[in-house]
Protein chains: 2
Amino acid sequence: MARHSLAPNRRSDTRERILESATILFGTRGFDSVSLDQIAAEVGVAKQSLLYWFASKDDLIQAVLVNMAAELTVVVEAAIRSAPDMPLDRLEAVIHAVFRPAVRRPALLGLLRELSRLPTGAAEHLTEILNPLVTRAGTWLRTEMQAGRLRQGDPSLIIALVYATVAGIATEPEALRVVGWSQDVIGLRKLRNELTSFLRAALAP
Amino acid sequence: MARHSLAPNRRSDTRERILESATILFGTRGFDSVSLDQIAAEVGVAKQSLLYWFASKDDLIQAVLVNMAAELTVVVEAAIRSAPDMPLDRLEAVIHAVFRPAVRRPALLGLLRELSRLPTGAAEHLTEILNPLVTRAGTWLRTEMQAGRLRQGDPSLIIALVYATVAGIATEPEALRVVGWSQDVIGLRKLRNELTSFLRAALAP
DNA sequence: ACGGTTCTCTACCAAATGGTAGACAATCTC
DNA sequence: GAGATTGTCTACCATTTGGTAGAGAACCGT
C-alpha cells in the first residue's frame with residue numbers, strides 16, 4: 001500500500017522545499033496571513049512533517065529570514081566585486097543585481113517589509129548579517145566621494161534612499177496598480193532604469 | 001449599577017474612534033495580524049459594539065481604506081493649490097505635504113502596503129478615489145516638461161518613483177533599523193530632504 | 001537478520017478568531 | 001408616559017490556528 005508515496009530518504013529535500021515555499025508565501029502575503037497548513041499544502045506534505053523540520057512557526061520564520069539575508073548578501077557582494085570600476089557604473093550594476101532577485105522573487109524584499117511584525121528582538125540576528133553589507137557600501141561611497149568621483153553627500157542617506165525605492169517598487173505592485181497603473185504600463189524594468197538615471201543625475205560630480 | 005459606564009449618546013463618536021484605532025493598528029501591523037478583539041480593546045468597547053458599527057471585518061477594512069484615500073487626497077490637493085509656481089518648488093511642496101501625514105501617521109501609507117493582501121477586487125473602490133489624483137499630477141508634470149521648465153521624462157515613472165520612495169521610507173523604519181540604522185541617525189526629515197535634492201538634480205531642465 | 005535512526009503520517013487538543021442571538025439601558029418621538 | 005430607536009453589553013458558536021502524542025514505514029550499520 002502506498003501510504004508513504006514519497007519514499008523516505010536519508011537525505012530528504014523536504015527542508016529546502018519548505019524553506020522555498022515559505023519564503024514565497026511569507027514574502028508575498030505576510031507572516032501572519034500564512035498558516036502552517038497552507039505552507040504544508042503548497043509543499044505537498046502534512047503539517048506535522050513541517051513541524052518535524054522546524055520546531056515552531058517562529059523557528060521557520062527565523063530560518064527563512066536568515067536564508068534570505070544570506071542570499072541577498074551573496075548577490076550584492078558578487079555584483080560589487082565584478083562590477084566596472086567607474087563608481088556610477090558600479091552603482092548601477094549593484095542596483096541591477098538587487099533588482100534581479102527582487103523581481104524574480106519579490107518575496108525576498110517582501111520579507112524585509114515583514115520585519116516590523118516580528119516581536120522585538122527577533123530580528124537581531126539579521127542585523128549581524130546585513131549590517132556589514134551596508135557598512136561596506138557606505139565606506140565605498142565615502143571613498144569615491146573623497147576621491148572626487150561622486151558628488152558629496154551622506155552615504156547613509158543615499159543607501160537608505162536606494163533601498164527604500166527598490167523595496168517600494170519591487171514589493172508594492174498592487175499599491176501601484178490601485179492608483180491606476182498596470183504592471184504593463186509601468187514595468188519594473190522601466191522603473192529600475194529611471195532610478196539609475198536619477199542616481200546618475202544626482203550623484204555625478 | 002454602572003454596567004454601561006459610557007452613557008449612550010444619540011450621536012456616538014464610537015464609529016470615528018473605531019476608524020481611528022483601526023487605521024493605526026491595520027497600518028502598522030497589517031489586516032490579518034490585528035483582530036477585532038484587539039481593536040475593540042484599544043477603543044475601549046466590546047467587540048460586539050464594533051460589529052454594530054461595521055457589519056464585518058471586511059467592512060471595517062473597506063471603511064478604513066476609503067477614509068485613508070480621502071485624507072491623502074485632501075492633503076495632496078491642498079498642497080498642489082497652495083504651492084509656489086516654479087515646478088521644482090511645487091514638487092518639493094507636494095512631497096513635504098505627503099511626508100507630513102506619512103510621518104505623523106505611518107499607518108496611512110502602511111495601508112497601501114496592505115492592499116496586496118486584500119481579495120481581488122476589494123480595492124477597486126480605491127482606484128476611483130486615487131486615480132484622478134495621480135492622473136492630475138501626471139498631466140501637470142507633462143505640461144511643465146513641454147514648457148521646458150522640467151527635464152524631459154516619463155511622468156508616470158517619476159510619480160511611481162516618488163511614491164515608492166516615500167512609502168518605503170515612511171513605512172519601513174524597522175527594515176532600515178535592521179540593516180544597521182537607528183531612526184536617530186537617518187531620520188525621516190533627512191531622508192525627505194535627500195529625496196527632494198535628488199529630484200531637483202534629476203529634473204532640472 | 002535486526003535494532004536503531006530518519007522521516008512521514010493520522011488523530012487530537014487548547015486557544016484565538018470572526019461572527020450570531022438576544023437581553024437591556026438610555027434616549028427620542030409622539 | 002408609551003413605544004420605538006439607538007447603542008452597548010454578556011453569552012455562545014463554528015472554524016481555524018499552532019502545536020503535541022505517538023504509530024509506522026523505509027533505510028542504515030552491524
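Values reported hereafter were calculated over all heavy atoms of this structure, with side chains retained and with hydrogens, waters and symmetry mates removed. Because the structure is predicted, anything quoted here is derived from the model rather than measured. Letters A, B, ... are given to chains in the order of the sequence lines, protein chains preceding strands, and every chain is numbered from 1.
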Of the options [options], whose atoms approach the side-chain atoms of [X] most closely?
{"X": "Ser35(B)", "options": "dT17(D), dT17(C), dG19(C)", "result": "dT17(C)"}
{"X": "Ser49(B)", "options": "dA21(D), dT17(C), dT8(D)", "result": "dT8(D)"}
{"X": "Lys57(A)", "options": "dG19(C), dC9(D), dG19(D)", "result": "dG19(D)"}

Over how many whole Å does the gap from [X] atom [atom1] to [N] atom [atom2] extend?
{"X": "Phe54(B)", "N": "dG19(C)", "atom1": "CZ", "atom2": "C1'", "result": "16 Å"}
{"X": "Trp53(A)", "N": "dT8(C)", "atom1": "CH2", "atom2": "C1'", "result": "10 Å"}
{"X": "Ile39(A)", "N": "dG18(D)", "atom1": "CD1", "atom2": "C1'", "result": "11 Å"}
{"X": "Leu51(A)", "N": "dT10(C)", "atom1": "CG", "atom2": "C1'", "result": "14 Å"}

- Sole residue of Leu72(A), Thr28(A), Val64(A) in side chain to side chain contact (heavy atoms under 4.5 Å, CB included) with Leu111(A):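 Going through Leu72(A), Thr28(A), Val64(A) one by one, the side chain to side chain contact (heavy atoms under 4.5 Å, CB included) with Leu111(A) is satisfied by Val64(A) alone.
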- Task: Describe the nucleic acid contact of Leu36(B) in one word from base, sugar-phosphate, nothing, applying a heavy-atom distance below 4.0 Å.
- Result: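 Sugar-phosphate contact only.
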- Message: If you compare every side-chain N and O of Tyr52(A) against the phosphate oxygens of dT8(C) (OP1, OP2), does one of them come in below 4.0 Å?
- Response: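 Checking Tyr52(A) against dT8(C): no side-chain N or O falls below 4.0 Å of OP1 or OP2.
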- Query: Within the pair Thr14(A) and dC7(C), is there a side-chain N or O less than 4.0 Å away from OP1 or OP2?
  - Reply: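 Result: no.
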- Pair Asp89(B) + Arg200(B), salt bridge at N-O below 4.0 Å: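 Yes, this pair counts.
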- Message: Quick check on DNA chain D: between Gln38(A) and Gln48(A), whose nearest nucleotide comes earlier from the 5' end?
- Response: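 Final value for this comparison: Gln38(A).
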- So Val76(B) and Val98(B), side-chain contact (heavy atoms from CB on, under 4.5 Å) or not? Walk me through it. CA-CA 7 Å; Val76(B) 172; Val98(B) 175; 3.7 Å; yes
